[in-house]
Every structure is written in C-alpha cells, then in structure tokens.
Amino acid sequence: MGDERPRLGWSDLSGARVGIWGLGREGGASLRKLRAFGVEPVLVDDSPKPGDEQGILATADGGLDALAACEIVIKTPGISRYSPEADHLRSAGVILVGGLGLWMQEADRNRVVCVTGTKGKSTTSSIIGHLLTGLGYKAMVGGNIGAAPYDPLQAGEYDYWVIEVSSYTATDLASTPPVTAVTSLHPDHLPWHGGVERYYRDKLSACAQPGAELTVANGDSSLIRDRASLLAPKIEWVSATDEPGATWMDPLGLPGQHNRRNALIARRVLAALGNAAADRDLATRAADDASLRRAADGFTPLPSRLTTVGTVDGVAFVDDSLSTNVLPTLAALDAFPGRRVALIVGGQDRGIDYAPLAQAVRAREHPTLVLTLPDSGPRISAAITAITASTAVTASTSSTAAGTAGDQGFAGVTDCPDLDAAVAVGFAWARPDGVVLLSPAAPSFGHFRDYRDRGDQFAAAMRACAPTP
C-alpha cells in the first residue's frame with residue numbers, strides 16, 4: 001500500500017457508518033468515544049471472547065464483510081495495515097484509521113510530545129511526565145504506555161500530553177506535533193511491517209508528518225543518524241555522555257548509560273515543549289538543574305525494567321522482563337559492569353537477528369553465562385556458537401586474538417526447558433555475589449500471559465532458591 005493517511009478527526013465520524021476492528025484496550029476506548037457522540041459502530045474482532053460486547057462478529061465469520069460495508073473502520077494497532085484483510089477493506093473503499101491518529105488531528109499539538117523508539121520510549125515518556133508533574137503541571141502520559149488520550153474515561157484538563165507511539169500507531173498519524181523524541185532503533189515487529197526497512201520508515205514516520213518541527217533523537221544510534229532524513233526538519237542529537245558530571249537525574253534511580261540518555265532526552269523535550277507552547281516558565285525550569293532534581297524525586301520505575309526483585313545468598317535477581325528485543329538486553333548487560341551475570345534470554349521467536357547479542361556476550365569482559373528459553377533459545381544458542389567458532393578460528397591464526405577479555409568472560413551457553421530450570425542453574429553459577437538477570441530479548445507470548453506474568457514467575461523461582469528455614 002501507499003502511505004495514504006486520512007486527515008480525519010473524531011468529530012468527522014459523526015453520522016458516518018463506522019466499524020471497530022479489534023476490541024482490545026484501544027478498541028474499547030474507541031467504542032466509548034463513539035458512543036459519547038451517538039455513533040453505534042459495527043464491532044468485529046479476530047477472536048471474540050465470552051463476556052465481550054454483545055453483537056461482536058468474528059473477522060473470519062462475516063466480520064470482514066460487515067466492515068467492508070462501512071465508510072470508516074477504526075483498526076486496533078495490533079492488526080497490520082499490510083495484511084490481506086486490510087487490503088481487502090481498502091479495495092472496497094473503506095477508510096482505515098486509528099484512534100490516536102483521529103485524536104491527534106484535533107489536539108492542541110503545541111502541548112503534545114510524541115515519544116517513539118524501539119526501546120526506551122516507555123521509560124522516557126514516564127520521565128517526561130514525572131518531571132512535568134514535579135514542576136507543577138498536569139500531564140497525561142498515555143498512548144502505547146497506558147490509557148488512550150481520546151478515551152472519555154480520561155477526560156480532564158491537562159497542560160501537556162506525553163504520548164508514547166509504537167511503530168503500529170505511528171502509521172495512523174497524519175499529523176505530527178512540533179516536538180517528538182526518538183530513543184532507539186533496532187529491528188523489531190518484522191511480521192507486522194513486512195521487513196526491517198519498512199519498520200524503520202514506519203517507526204520514524206511519527207516524527208515527520210505535517211506539523212513536525214523538532215526531533216530530539218538518540219545521537220549514539222548510528223541507525224537513527226543514518227536515517228536523519230526521516231526525522232523532523234530540525235534535530236537535536238543527545239548522547240549519554242552529554243552533561244558530564246550532572247547529577248540532577250540521580251533521584252530517578254535508573255541504572256545504566258541508556259537511562260542516563262533517556263533522562264537527557266526528557267530534559268531537552270521539556271525545553272522544546274516550553275518553547276512550542278510559549279511557556280517560558282517551563283523552558284526556564286528545564287534549564288535549571290536544581291529544579292529538575294527536585295522534580296525527579298519520587299520517580300517510580302516501570303515494573304520489570306531492570307528491577308531488583310531480591311537477593312538470595314548474595315546473588316541479586318533482576319527482572320528485566322519488559323526487554324523484548326536485543327537492544328534493551330544489551331543495555332541491561334551494560335548496567336552491571338564488573339559483575340558476574342547469568343543472563344536468561346529467549347521467548348516468542350519473531351525472527352530477529354541475535355548476532356548482535358551473541359557478539360556482546362562474547363565481548364563482555366566479566367564472566368557471563370547465557371541460559372536460553374524456548375522458543376527462540378535454540379537460535380540464540382546457534383548465534384553464540386557461530387560467534388564462538390569464529391573467535392576460535394581467529395585465535396588459531398592470530399596470536400593477538402588469543403586470550404582476549406571476551407574469551408575470559410564468556411562462561412558458555414545452556415539451553416533450558418523452562419524459566420524455573422534457568423533460574424536454578426543461574427543461581428548456582430552466580431554465587432556468591434553475581435547477578436541472575438532475566439532480560440529475554442523476546443516477547444512472553446505463548447509461555448506466559450504477558451511480561452508481568454513472566455516477571456512474577458521469575459520472582460517465584462528466585463524464592464524457590466532460598467534455603468528452607
């Protein structure tokens with residue numbers, strides 16, 4: 001398909017024949033929004049569940065035909081706009097839209113910031129919202145991270161909106177607020193997008209629709225820098241090494257250089273928001289370390305994001321279950337310099353390239369044991385084995401390659417049948433003062449309800465390691 005993006009707002013749907021395709025969190029918000037101004041839509045879901053709204057049709061059982069008779073269909077983000085079903089609806093003359101895109105058309109975009117990125121966008125959005133609140137503003141943090149800003153349940157007066165935008169919802173936006181932020185870029189969600197370059201284009205399109213002025217971007221990412229033409233007309237690059245010696249972000253309590261960069265991105269966003277909204281006070285306080293430090297106090301990190309859930313016999317157990325891609329897992333490893341780390345990885349296999357993870361594990365200077373889980377575990381093991389074989393060949397032909405720090409640090413890879421087994425093996429190896437790190441580089445689907453359930457089961461497995469009183 002082309003990049004047709006209908007410039008429609010919610011008010012344009014009054015009196016139209018409207019369908020909702022997908023009744024998850026966003027679909028429920030869309031239904032409430034439509035009913036608030038008297039529109040009763042056609043309801044379709046791929047897998048209707050008992051207890052859902054009455055009258056929901058299954059997509060494959062008459063639902064798609066019902067949607068084809070609509071003028072406008074609000075699609076849930078999880079359904080790919082590149083799917084054959086989406087193509088069928090467009091061929092029937094149906095306009096496909098997303099709830100966030102409808103909201104953005106009618107929002108006061110000078111007071112909105114869109115935050116996107118493969119990883120780090122939730123943390124950065126949370127930091128921006130927390131700092132705004134600490135500075136005395138009423139801010140809504142929503143989108144991919146939480147509530148839909150158009151949901152009538154979220155009605156209220158806000159000074160600013162911090163909207164996390166996924167690659168899925170980015171394709172629904174026909175307008176961009178003046179200020180956007182990009183935290184990272186790495187291959188992800190390839191089945192939905194149909195390829196890595198399309199994923200990159202779709203993800204970054206949130207920054208460059210009409211209205212875009214400034215993108216605050218991760219300057220440490222060569223993938224983002226190489227695609228600067230896909231960002232806003234003006235770019236501010238932010239590096240983890242900016243503001244050397246600054247401590248205003250310390251009360252956030254976020255470990256790792258990647259989180260330092262996330263905080264610096266948040267600061268730049270606050271200054272830009274102040275300028276976009278003609279809010280001189282916000283721009284001034286964003287430049288003041290003391291004001292930001294006070295505002296940073298009391299921050300609550302996201303659950304399952306580098307969260308230490310306990311210590312048993314000197315071994316720290318760290319839940320990073322929210323890491324569903326290689327990029328955050330690499331950042332998680334970097335957050336424990338000088339420590340022995342038993343890394344638990346693996347989950348739903350989305351076909352992503354695990355070579356960068358294998359290279360990072362092999363290059364780590366300190367002892368690192370990799371414990372893999374189904375379903376992607378065997379591919380991770382194969383990637384590490386391939387790197388290991390390549391290192392061995394290089395070492396045999398070059399005296400300078402033998403005995404590197406990476407060779408000394410890598411402690412092997414073991415495939416485990418489940419999380420309990422991986423935790424037990426990791427604990428035995430990490431004693432007496434190491435880290436057992438659950439940072440899966442894969443989603444939880446198929447083995448757990450969600451990433452929180454995976455984190456809860458990790459904590460339960462940790463408790464099973466404790467000696468019986």
For residues 65-76, which side-chain donor-acceptor pairs fall under 3.5 Å, sequence neighbours excluded?
residue: E71; atom: OE2; partner: R17; partner atom: N; Å: 2.7
residue: K75; atom: NZ; partner: I79; partner atom: O; Å: 2.7

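- Screening residues 282-304 for ring-ring contact (aromatic ring centres under 6.0 Å, His included) gives H130-F299 as the qualifying pairs, with residues at least two apart or on separate chains.
- By the ring-ring contact (aromatic ring centres under 6.0 Å, His included) test, H447 pairs with no residue at all, sequence neighbours left out.
- In terms of modelled atom types and a separation under 3.5 Å, the side chain of S444 and the main chain of Y451 share a donor-acceptor contact.
- Seen from the ring of Y354, R379 does not count as a face-on cation partner, given the 6.0 Å and 45° thresholds.
- Sorted by first then second residue, the salt bridge (charged side-chain N to carboxylate O under 4.0 Å, His left out) pairs that include residues 260-270, not counting sequence neighbours, are D220-R261, E236-R268, D242-R268, E243-R267, R267-D289.
- Taking the ring-ring contact (aromatic ring centres under 6.0 Å, His included) definition, one finds that Y200 meets it with nothing, sequence neighbours left out.
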Distance-only check: which donor-acceptor pairs under 3.5 Å involve side-chain atoms of residues 210-217, not counting sequence neighbours?
residue: T215; atom: OG1; partner: T180; partner atom: OG1; Å: 3.0
residue: T215; atom: OG1; partner: A232; partner atom: N; Å: 3.2

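- A search for salt bridge (Lys or Arg N to Asp or Glu O under 4.0 Å) contacts involving R227 returns E197, not counting sequence neighbours.
- The backbone N or O of Q209 sits less than 3.5 Å from a side-chain atom of T176, completing a donor-acceptor pair.
- The distance from the CG atom of L43 to the CH2 atom of W21 is 14.5 Å, given to the nearest 0.5 Å.
- To the nearest 0.5 Å, atom CG of residue D159 and atom CZ of residue R111 are 6.5 Å apart.
- With a 4.5 Å cut-off on side-chain heavy atoms, I95 and P6 count as touching.
- Residues in residues 141-150 take part in no salt bridge (charged side-chain N to carboxylate O under 4.0 Å, His left out) pair, two or more places apart or across chains.
- Between F317 and F458, the ring-plane angle classifies as tilted under the 30° and 60° cut-offs.
- Note that CG of L132 is 6.0 Å distant from CG of L282, once rounded to the nearest 0.5 Å.
- When each of L273, I163, V112, D108 is tested with P177 by the rule side-chain contact (heavy atoms from CB on, under 4.5 Å), just one qualifies, namely V112.
- Under the 3.5 Å distance criterion, with hydrogens and angles disregarded, no donor-acceptor pair is assigned to the side chains of D202 and Y168.
- For S166 and T169, the side-chain atoms include at least one donor-acceptor pair closer than 3.5 Å.
- Looking at L34 and V18, their side chains come closer than 4.5 Å, going by heavy atoms from C-beta outward.
- Screening residues 164-193 for salt bridge (charged side-chain N to carboxylate O under 4.0 Å, His left out) gives R81-D172, D188-R350 as the qualifying pairs, with residues at least two apart or on separate chains.
- Identified under the ring-ring contact (aromatic ring centres under 6.0 Å, His included) test for residues 210-266, with sequence neighbours left out: none.
- Taking the side chain as every heavy atom from C-beta outward, L185 and L327 never approach each other to under 4.5 Å.
- Taking the six-membered ring where tryptophan is involved, the planes of Y82 and H193 are tilted, since the angle between them lies from 30° to 60°.
- Take F448 and apply the ring-ring contact (aromatic ring centres under 6.0 Å, His included) test, not counting sequence neighbours, and it matches no residue.
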- Assess whether side-chain hydrogen bond (donor to acceptor under 3.5 Å, both in side chains) is satisfied between T329 and S439, documenting all intermediate values. CA-CA 5 Å; T329 298; S439 190; 3.1 Å; yes
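- Rounding to the nearest 0.5 Å places CG of L322 at 6.0 Å from NZ of K119.
- With 3.5 Å as the limit, one finds no donor-acceptor pair spanning the side chains of N325 and T118.
- In this structure the side chain of L190 reaches within 4.5 angstrom of the side chain of V196, judged on heavy atoms.
- Listed by first and then second residue, the salt bridge (charged side-chain N to carboxylate O under 4.0 Å, His left out) pairs involving residues 137-153 are R32-D151 (not counting sequence neighbours).
- Expressed to the nearest 0.5 Å, how far CD of Q105 lies from CZ of R7 amounts to 5.0 Å.
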